[in-house]
Amino acid sequence: MICAASYEARAFGVRAATSVHVARARCPNLILIPPRHDRYSDVSREVMEVLGGWSPIVEQVSVDEAYLDLNGTEQLHGSLEDAGRGIRAAVKSATGLTISVGGASSKLVAKIAAGAEKPNGLTVVAPGSEAVWLAPRKVGVIPGIGPVAQSVLRELDILTCGDLANAPDDHLIRRFGDRGPDLKLLARGIDDTPVDDGGERKSLGREMTLDDDIADPEALETLLLGLVEEVSYSLRSEGLLARTVTLKLKDAEFQSITRQVKLAQPSDLAGPIFEAARALLEKTARGSAYRLIGVSTSDLGEDEQLALFDGAAQARERTITAAADTMRRKYGEDAITRARLLEDE
DNA sequence: TCTGGGGTCCTAGGACCC
DNA sequence: TCTGGGGTCCTAGGACCC
């Protein structure tokens with residue numbers, strides 16, 4: 001599948017999440033480049049470091065997006081335009097990358113502004129002019145209004161932010177419930193969520209879509225074990241313990257099913273997490289075929305002195321796991337695996 | 001737009017308690 | 001024996017974002 005598409009490719013209808021097959025059909029001269037995720041992480045870190053020089057409060061949203069709280073930095077950086085120009089120049093000189101910047105009185109409007117002139121743009125919305133600036137734009141530019149909400153709004157003849165800002169409350173309440181009127185605030189650019197730089201991870205999981213739908217319980221179990229191994233290794237790498245395990249399946253009709261269970265004791269070991277996930281799979285999968293299987297952990301906490309509470313079996317697993325992790329760190333994550341996971345390769 | 005994989009957040013319904 | 005109203009917690013599903 002396509003992770004990201006150049007603007008040239010986008011002109012042919014190729015965009016993120018397009019399958020390679022479809023992409024090639026739409027754009028025969030497409031040039032495919034294998035992703036280098038480690039490289040992107042490194043560069044992302046460099047960019048975030050530059051941003052850290054412009055504000056003490058930086059909220060990283062994804063590998064390529066961040067919010068900066070510039071309140072109180074006017075003496076240092078000047079106006080929003082000045083800061084925006086400076087940030088773009090600093091990132092360019094540190095990494096060679098061009099970026100788009102949006103400046104505004106809220107995260108909501110700043111984000112929309114950043115997207116207004118891509119790539120390589122700088123858009124500042126003056127405080128007080130948010131509603132006017134937003135009015136002609138499609139409601140879909142508002143973060144949180146996705147395809148489903150857009151189609152509901154379309155039925156109400158609400159197409160632009162201006163339409164939404166002036167929509168009757170009762171219509172919105174009927175279709176969106178209590179949060180309906182809040183949408184009007186968003187459409188006027190009113191948003192007071194703070195820039196939050198203390199984001200802690202809430203969940204960690206892995207899932208895979210299968211080439212062919214699989215019904216065989218044993219095959220599903222083996223796939224699940226592989227996923228659990230990856231998840232538990234990530235938990236240990238991040239020093240986290242999980243309390244809740246969620247199994248996710250998607251059937252041949254694309255219906256997704258989730259089942260979760262709480263562990264008796266938080267864990268970062270494959271053994272207890274797999275046992276929980278396996279039990280859920282046994283209860284849930286009744287012989288039908290599935291096209292996706294995944295496992296996710298949540299209710300995460302910091303690593304405590306967990307080993308103190310281990311029973312004999314877990315103490316043994318912990319010892320073996322520690323040795324295996326040492327090998328993974330030294331020779332790569334694939335350096336060691338379970339015999340059961342080799343069979344299907 | 002025929003549908004990946006990593007996440008976060010919200011909602012509704014039911015259990016349970018006072 | 002039947003039952004109000006409110007709060008909290010849990011679970012499952014789904015919308016949404018990049």
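Numbered from 1 within each chain, the chains take letters A, B, ... in sequence-line order.
In this structure, A:Gly294 reaches neither bases nor backbone, as no heavy-atom distance under 4.0 Å exists between it and the strands shown. No engagement by A:Lys248 is indicated, since no non-hydrogen atom pair under 4.0 Å with the nucleic acid exists. Across all strands shown, A:Ser19 has heavy atoms under 4.0 Å from sugar-phosphate atoms exclusively, and none from any base. Within the 4.0 angstrom heavy-atom criterion, only backbone atoms of the sugar-phosphate kind lie near A:Arg26; the bases stay farther away.
Using a 4.0 Å cut-off between charged nitrogen and carboxylate oxygen, A:Arg318 and A:Asp325 do not count as a salt-bridge pair.
None of A:Glu218, A:Glu221, A:Glu229 except one satisfies the salt bridge (Lys or Arg N to Asp or Glu O under 4.0 Å) rule with A:Arg340; the exception is A:Glu221.
Of the possible polar contacts, none joining the A:Ser129 side chain to the A:Val132 backbone as a donor-acceptor pair under 3.5 Å is found.
Of the candidate nucleotides B:dT8, C:dC18, B:dG4, B:dT8 has the atom nearest to the side chain of A:Lys202.
Within the cation-pi definition used here (under 6.0 Å to the ring centroid, within 45° of the axis), A:Arg236 does not qualify as a partner of A:Tyr233.
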Listing time: all N or O pairs from protein to nucleotides 13-17 of chain B that are below 3.5 Å?
none

Next on the checklist: Both atom distances under 3.5 Å, Watson-Crick or G-U wobble: I'd like the secondary structure of DNA chain B as a dot-bracket string, with | for pairs made across strands.
Outcome noted: ....||||||||||||||

Item to check | side-chain contact (heavy atoms from CB on, under 4.5 Å) between A:Leu68 and A:Ile87, worked out | outcome: CA-CA 11 Å; A:Leu68 278 69; A:Ile87 289 168; 3.8 Å; yes

